[in-house]
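When a ligand or atom number is given, it counts from 1 through the structure's own listing order. Side-chain atoms are counted along with the backbone in the values below, which use heavy atoms only and exclude waters and symmetry mates. It should be emphasised that the depicted structure is a prediction, and the values quoted were computed from it without experimental measurement.
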Amino acid sequence: MDIKQLTAEHPAVARIAAAEETVWINPGLQPFDSVRPTLPVSAADVADASARLRRFAPLIRTLFPETGDGIIESALTEIPRMKALLAEAYGADLGGGRLFLKRDSDLPVAGSVKARGGIYEVLKHSEELALESGLLSGCDDDYVKLASPRARAFFARYRVQVGSTGNLGVSIGIMSAALGYRAVVHMSADAKQWKKDYLRAHGVTVVEYAGDYGRAVEQGRAESDADPMSYFVDDENSVDLFLGYAVAAERLEKQLADNCVTVDEAHPLFVYVPCGVGGAPGGIAYGLKERYGDNVHVFFVEPTQAPCMLLGLATGLHNGICVQDVGLTGLTHADGLAVGRPSGFVGRVMEHLLSGEMTLADCKLYDYLRRLWESEGIFIEPSSCAAFQGVLDAARSAEMAAYIADHHLPMENATHVAWATGGRLVPPEQREIFLRTHLAP
Ligand SMILES: *Cc1c(COP(=O)(O)O)cnc(C)c1O
């Protein structure tokens with residue numbers, strides 16, 4: 001990759017390659033109505049995913065009673081003390097706008113946003129196997145049957161495998177093991193030890209790799225492809241994962257309404273989502289655009305050393321470029337975001353939907369983690385904390401001021417949602433360490 005030439009064509013690359021914090025406004029953003037017909041996914045696909053999750057709810061309730069009604073969902077919490085603190089400590093004043101935290105950090109079963117896409121994909125695969133084999137007679141059958149010893153013995157003949165930086169492995173591993181599959185998670189070097197321990201304690205086989213996430217995926221895929229009884233969850237290209245994430249939008253819509261939040265031309269919605277390979281934030285962004293169109297403004301946030309989606313979007317090369325190509329390490333304390341190459345599928349869907357991206361230095365993750373804990377008593381993991389860089393930049397960057405002016409957005413009526421993507425499963429000792437971690441800027 002010739003960085004000089006890339007930078008000449010795409011000026012944003014200079015800052016990205018220098019690992020400087022960046023606010024990037026997407027020049028490709030277009031009115032959603034003009035983009036919709038060009039997309040490879042549709043509102044009907046998301047509705048289908050949502051209906052499938054409802055069919056599985058009785059089974060989920062049986063396997064995971066903590067889900068209550070069997071619908072895996074998280075709370076939306078207004079965080080006014082954090083809003084005040086951001087204004088006071090960082091000069092990031094949201095004015096009359098309201099600030100919410102979407103707490104996927106507390107999602108049941110997997111404790112991260114991966115409980116949406118990952119679990120959905122395992123369920124969809126299981127439904128296909130069960131319908132084919134006659135375990136289920138049809139989509140109106142009683143899905144609780146899938147928790148029976150007979151069904152478990154059936155699923156035990158199959159393997160489910162995935163490559164993961166941690167949280168995807170937890171979500172796929174826990175759900176697969178709960179159904180009786182032999183689950184294998186291929187983990188990258190930066191995956192946290194406690195996540196590996198947690199999976200092993202739940203009967204999941206964990207294979208560790210010295211290299212990065214890309215390597216773990218490659219090896220996992222090769223091993224799975226060699227076994228006809230094995231199914232590989234492909235985080236880089238999976239449409240099912242994406243649709244599972246997209247269902248978040250209909251749930252958020254209801255929660256916003258419950259909080260008396262209107263979203264329309266006079267009341268813009270801003271959403272900030274930490275981004276790794278792109279599946280989770282991409283699915284969420286797409287789902288929200290289907291619901292709110294041009295009145296929702298979605299921003300992804302990535303670490304300065306692993307801004308793979310930003311690099312792919314800014315150059316238009318998508319998965320044809322990786323962060324190492326421009327001299328970055330791909331290494332970050334945000335283990336859920338430690339991805340060097342973005343999903344090409346997601347990048348192409350985001351091209352004209354995404355409002356922009358922000359990047360942040362790792363030291364900020366821990367600052368935001370402490371601020372949220374001190375102001376609201378809410379703990380989320382470092383990767384999740386990236387969302388707050390989006391909030392800060394929205395309030396105080398020149399790039400965002402220009403975006404807001406261009407789109408004539410009445411910010412006093414705005415609602416901001418920071419998407420907290422993980423945290424519940426972090427062990428108490430590890431939490432203490434995170435709360436005390438200070439990195440040099
Ligand atoms: C996976 C993950 C993300 C990002 O999801 P991608 O699909 O990889 O983009 C964000 N935060 C946390 C905590 C995650 O585990």
Side-chain angles (χ1 to χ4, degrees), residues 74 101-107 110-121 162-174 185 187-188 190-192 194-195 198 212-214 216-217 233-246 248 271-287 298-303 306-310 312-313 319 330 332-347 349-350 354 357 360 365 368-369 379-390 418-426 434:
S74 73
L101 190 69
K102 179 59 179 157
R103 297 171 72 177
D104 280 4
S105 42
D106 289 332
L107 275 175
S112 83
V113 68
K114 304 295 193 313
R116 298 185 182 281
I119 287 175
Y120 174 72
E121 179 149 351
V162 65
S164 173
T165 59
N167 287 338
L168 184 66
V170 171
S171 126
I172 303 277
I174 297 299
V185 177
M187 289 259 192
S188 51
D190 37 24
K192 294 266 186 288
W194 64 264
K195 289 182 186 170
Y198 184 81
D212 73 356
Y213 170 74
V217 171
V233 177
D234 181 353
D235 198 17
E236 290 171 346
N237 299 292
S238 170
V239 178
D240 287 334
L241 271 179
F242 185 86
L243 293 172
Y245 290 121
V271 182
Y272 314 95
V273 201
C275 178
V277 74
I284 291 167
Y286 166 67
V298 186
F299 295 86
F300 292 172
V301 191
E302 296 183 281
C308 65
M309 183 59 69
L310 172 56
L313 284 167
N319 56 339
T332 165
H333 280 240
D335 55 339
L337 317 181
V339 180
R341 190 181 297 277
S343 158
F345 164 69
V346 175
V349 175
M350 288 304 112
L354 193 68
E357 285 231 18
L360 85 169
L365 299 168
Y368 303 152
L369 187 146
F379 176 86
I380 63 178
E381 67 184 71
S383 301
S384 293
C385 296
F388 287 107
Q389 182 82 355
W419 211 286
T421 44
R424 187 172 68 93
L425 295 183
V426 176
F434 285 154

Engineer: Test of understanding: with side-chain contact (heavy atoms from CB on, under 4.5 Å), list the residues that count as partners of Ala418, not counting sequence neighbours.
Structural biologist: Leu101, Ala387, Phe388, Val391
Engineer: Under 4.0 Å between a Lys/Arg side-chain N and an Asp/Glu carboxylate O for Glu381 and Lys192?
Structural biologist: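 Salt bridge between Glu381 and Lys192, a charged N being under 4.0 Å from a carboxylate O: no.
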Engineer: If the condition is side-chain contact (heavy atoms from CB on, under 4.5 Å), which residues does Ala386 pass it with, not counting sequence neighbours?
Structural biologist: Pro274, Val301, Leu337, Leu360, Leu365
Engineer: Using side-chain contact (heavy atoms from CB on, under 4.5 Å) as the criterion, list what pairs up with Asp106, not counting sequence neighbours.
Structural biologist: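 Testing Asp106 for side-chain contact (heavy atoms from CB on, under 4.5 Å), a comparison that skips the adjacent residues, returns Arg103, Arg424.
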Engineer: Begin with the C-alpha distance, continue with both residues' side-chain angles, and end with the deciding distance and a verdict on side-chain contact (heavy atoms from CB on, under 4.5 Å) for Lys102 and Val271.
Structural biologist: CA-CA 10 Å; Lys102 179 59 179 157; Val271 182; over 6 Å; no
Engineer: Any idea which residues sit under 4.0 Å from ligand 1, heavy-atom distances?
Structural biologist: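 Around ligand 1, where the cutoff is 4.0 Å for heavy atoms, the contacting residues are Lys114, Asn167, Pro274, Cys275, Gly276, Val277, Gly278, Gly279, Ala280, Pro281, Gly336, Leu337, Glu381, Ser383, Thr421, Gly422.
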Engineer: How are the rings of Phe345 and Phe242 set to each other: parallel, tilted or perpendicular (split at 30° and 60°)?
Structural biologist: perpendicular
